[in-house]
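Notes to accompany the following structure.
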Amino acid sequence: MKQDIILAGVGGQGILSIAYVIDNAALKAGLNFKQAEVHGMAQRGGAVQSHLRLSDEPVFSELIPRSSADMILSVEPLEALRYTDYLAPEGIVVTSRTPFVNIPDYPELDEVLEELRSLGNAVIIDSEALAKEAGSVRAQNMVMLGAASDSLFLSQDLLLEFIRELFDPKGDKIVETNLLAFELGRKAAASE
Amino acid sequence: MKSEVLLGDEAVALGAIHAGLSGAYSYPGTPASEIMEYLRRVLNEGGFKAAWCINEKVAYEEALGVSFAGKRALVSMKHVGLNVAADPFMNSALTRIGGGLVVVVADDPGMHSSQNEQDSRFYAQYARIMCLEPADHQEAYDMTRAAFDISEQWNIPVMLRLVTRLSHSRSRVQPRETRAQNQMKYGEPRDWTLLPVNARRRFSRLMEKQDEFVKASEESEFNSLDLNADDRSLGIIASGIAYNYVREIIGESKASPSLLKIACYPLPLRQITTFFDHVDSVLVVEEGYPFIEGQLKGLFGIQEKTVHGKLDGSLPITGELQPHLVRKALKLDALPQKEAPGITLAGRPPQLCQGCPHADTFRALNQVLESYAQANVFSDIGCYTLGALPPYSAVDTCVCMGASISMAKGGADAGIYPSVGVIGDSTFAHSGLTPLLDAVLVDSNMVLVIVDNATVAMTGGQPTALSGDRLYQAVVGLGVPEVHIRIITPLPKNLAANAQIITEEIEYHGLSVIISSRECVQETRKRAKQERQG
Ligand code: SF4
């Protein structure tokens, strides 16, 4: 049993927070995992990605081999498309539909969404609206984690435990916002 | 002890603490920064010292002082940092290291955040010392501990070589028991004073130990040799992170070629000989330069055996390894690929943050330089290097730490006008003071812009050594006349005024320094957040 996930987004969107929750949940669940991320120059407002691998067998490579990711989980639609060569034929894409436009040549959003739909297994979530509903537009990463959660082989409870732990230093209100964001994302994906 | 989720860098830091670390020193640089970040986070519980230093050379020498006192020291840096520390590094191999000295160098194959992809294993070989190369997080932890022991056993510095993918990936680490720090034990002057008379003796001693290092490498628990008795056609030699890619791909294909994992240098000769006797051809998979492969092949190759790897194009000679490249080198079919997206995916390169002070500095500079036929801007290492990209396209060079100033001075010598250097406050402290003094001595016709954002921003906001008033005083102290030290605040509303000041200093024929000073917006945010959280 293994699950290889590409996390994608733009520097500053909080994909490493998603990774933190999954990593710690995996540790507690007794799974093997490796998670490769980028720091430094590559981070400044540029495309960022993280390879996250879970398995009950030993995990060797830090990087997911091409054509074998089970999921692309992206907080940004254009970024979801950037890594499709890593996706296995039956792999799924769980992505936000909210564009992050910080480049002059960002393609038409409709075309991006059309491409995503043409991949087959894509779950496209309005993370901005749901994060706002939860109380903060910054919680889009947790909306997306929620949207992916039913497909992860980690229990809800474990994920929620580490969302609490992650946001605890920022106070109860932010914890609640992120838990709600997760829940709204989960529901939205379930009704897709 | 409980297992933990750690970055490769953090596993090294924890391994060092548990090995009885007394002092750790570093200068920020991706992908090594998180070693010191971790040590500084747990400093209060530690009973050891851990400090960001002015540069890697200074960091190395401070660590050397700790070792002289008989205590264990760690010095960590990115690969190009070892160029800066090369002087103490090479020479320290001739001293009689007392307390274990572990030199952690993180290479950056693929240049995620660097100017080159040099392979530090060559440095270890150059200094004739031992080097360990972990493949995973547990090994990063265990080898750090082992490296201290090897260092104390042979009285040499020991290198631990990391690469970006290990430094910056997270996995589980099982810590072990904690060791006490060493007692004070002073070094002998004759073993540490590298006058020719001592250095010759010490160098001979180092050469005498070389065979023993090979033996130690052969006995290292970290190497492993698996021979397949049934299939002798191909064997794979892999080291470090490359070993993981090999295991991944052969696991998938259910093949089991003979496999030699090399984790310790100098090369373990006995295992390599056994391996070569067993197989007809060899594929060498290593991250970085063809270090192992080149040594195996020598000048004339090996009779009746073929060696594949980076030198014959089986694997790419540049860039970072990836599992699919190993798959290809093993001549396995590529997995079926999804069709590429039908639209052009606009690239999203890194860029200066919204509101970054450097953006305002470059806007002012560009506006001024437009009216000169041939202006050149020599820049340096930091966030402001991104000024090379559109929309600014304001930078002509970026070579190494401090080169902005020396190149601008050289350019001015050659007749470039205006010759402008742009350097950050921390890079200036690291390697800018000496070239500026050189420019002062001849009153070079150049303008140096020091972009003072009060932090080491690119690597995540480490403390800077020379900012604000101290920076100003340092520039005065070096002898730049105060009338030609100008301070500007890079803000959109000051664009015209700042451009005016830059113009004045370019029109002045002699050395000027403009300090463009405003805090990095990420730091401002971080501080505000900390204040909110109390
Ligand atoms: S981190 Fe600071 S210095 Fe670097 S680009 Fe962002 S605002 Fe500018």
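Reminder, nothing fancy here: chain letters follow the sequence lines and each chain counts from 1.
In terms of heavy-atom pairs under 4.5 angstrom with chain A, the leader among B:E4, B:R172, B:Q337, B:H137 is B:R172. In terms of heavy-atom pairs under 4.5 angstrom with chain A, the leader among B:G347, B:A340, B:P391 is B:G347. For the options A:V112, A:I64, A:L27, A:L116, heavy-atom pairs under 4.5 Å to chain B are most numerous at A:L27. Between chain B and the residues A:L81, A:V59, A:L119, A:N102, the largest count of heavy-atom pairs under 4.5 Å involves A:N102. Per-residue counts of heavy-atom pairs under 4.5 Å with chain B were compared for A:E114, A:E57, A:R53; the largest is that of A:R53.
Between A:K170 and A:D168, none of the side-chain N atoms (NZ, or NE/NH1/NH2) sits under 4.0 Å from a carboxylate O, so this pair counts as no salt bridge. Using a 4.0 Å cut-off between charged nitrogen and carboxylate oxygen, B:K338 and A:D85 do not count as a salt-bridge pair. With salt bridges taken as basic N to acidic carboxylate O contacts below 4.0 Å, none links B:R40 and B:E34.
Residues B:I249 and B:L330 form a side-chain contact, since some pair of their non-hydrogen atoms from C-beta on lies under 4.5 Å apart.
Contact of B:T344 with chain A is made through the backbone alone, with heavy-atom distances under 4.5 Å. For A:E37, the parts lying near chain B are the backbone and the side chain together; criterion is any non-hydrogen pair under 4.5 Å. Looking at B:L321, the atoms closer than 4.5 Å to chain A (heavy atoms on both sides) all sit in the backbone: N, CA, C or O. Neither the backbone nor the side chain of B:L325 comes within contact range of chain A; no heavy atoms are under 4.5 Å apart. Residue A:Y83 does not touch chain B at all, counting heavy-atom pairs closer than 4.5 Å. Neither the backbone nor the side chain of A:I174 comes within contact range of chain B; no heavy atoms are under 4.5 Å apart. No part of B:P31 comes within reach of chain A, as not one of its non-hydrogen atoms sits under 4.5 angstrom from that chain. For a residue to count as touching a neighbouring chain, one of its non-hydrogen atoms must lie under 4.5 Å from one of that chain's; by this rule A:A88 touches chain B with the backbone only. For A:L52, no part sits under 4.5 Å from any heavy atom of chain B, backbone or side chain. Neither the backbone nor the side chain of B:A242 comes within contact range of chain A, judged by heavy atoms closer than 4.5 Å. Only the side chain of A:Y86 comes within contact range of chain B, with heavy atoms under 4.5 Å apart.
Panel note: side chain A:S149, backbone A:G146; a donor-acceptor pair is recorded below 3.5 Å.
When each of B:M111, B:E117, B:E287 is paired with B:E320, the side chain to side chain contact (heavy atoms under 4.5 Å, CB included) condition holds for B:E287 and for no other.
Of all heavy-atom pairs between B:D108 and B:H112, the closest is OD2-N, 3.2 Å. When all heavy atoms of B:S426 and B:V456 are compared, the pair lying nearest together is OG-CG2, 3.3 Å.
No close placement of the B:H358 and B:Y392 rings is indicated, their centers lying 6.0 Å or farther apart.
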side-chain hydrogen bond (donor to acceptor under 3.5 Å, both in side chains) between B:S33 and B:Y27, intermediate numbers included: CA-CA 8 Å; B:S33 312; B:Y27 181 81; over 6 Å; no

